[in-house]
Amino acid sequence: MPWRDTMRPVRFYALDARLLILAAPWLFFPTWWTTAAVVAAMLACRAAEARGYRLPAAVRALRARAAGRRRALRAARERRFVDFG
């Protein structure tokens, strides 16, 4: 059945294929620091996958960590449902 593999992530060898977007600047500007940046990003994503995160989940976790802790509304400021019917 051709639909069986449609939800699997696209992989390029051992890496997520979306990481190839990071290799595009390296192809057009191949210097030592772009090489180091691309390799470091790919190793970081590989380490995240080793911990059980996929690329979108790792990006979400990083964004949540950068946003910091959110506090809930106090009970006095909590919004109540009102029925005007």
Side-chain angles (χ1 to χ4, degrees):
M1 297 285 170
W3 51 266
R4 184 173 297 197
D5 297 325
T6 57
M7 288 299 293
R8 289 188 185 171
V10 179
R11 311 228 8 117
F12 183 72
Y13 293 107
L15 298 172
D16 194 327
R18 290 173 280 210
L19 288 174
L20 292 177
I21 294 171
L22 296 174
W26 179 76
L27 289 174
F28 294 112
F29 194 63
T31 61
W32 66 269
W33 64 271
T34 54
T35 304
V38 168
V39 169
M42 288 187 177
L43 287 176
C45 291
R46 186 69 181 141
E49 284 185 0
R51 290 180 166 245
Y53 287 105
R54 294 281 181 218
L55 184 62
V59 170
R60 270 195 311 272
L62 183 66
R63 190 175 60 213
R65 174 74 81 167
R69 186 167 184 225
R70 295 183 56 179
R71 298 174 189 222
L73 291 175
R74 293 188 320 247
R77 294 188 60 205
E78 187 175 316
R79 297 184 183 114
R80 305 277 182 200
F81 292 111
V82 178
D83 184 14
F84 293 111

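These numbers were taken from a predicted model, which means no experiment stands behind them.
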Interatomic distance, Arg18 atom CZ to Arg54 atom CZ [nearest 0.5 angstrom]: 9.5 Å
From CD (Glu49) to CG (Leu19), nearest 0.5 Å: 7.0 Å
Donor-acceptor contact present, side-chain Thr34 to main-chain Phe29, <3.5 Å: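 At least one qualifying donor-acceptor pair exists.
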Check: Leu55 and Cys45 side chains under 4.5 Å, non-hydrogen atoms: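 Counting from C-beta outward, Cys45 and Leu55 do come under 4.5 Å.
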Single-linkage hydrophobic cluster, 4.5 Å side-chain cutoff, Phe28 and Ile21 together: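 Phe28 and Ile21: separate clusters.
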Hydrophobic cluster identity match, Trp26 and Leu22, side-chain contacts under 4.5 Å: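 Trp26 and Leu22: one cluster.
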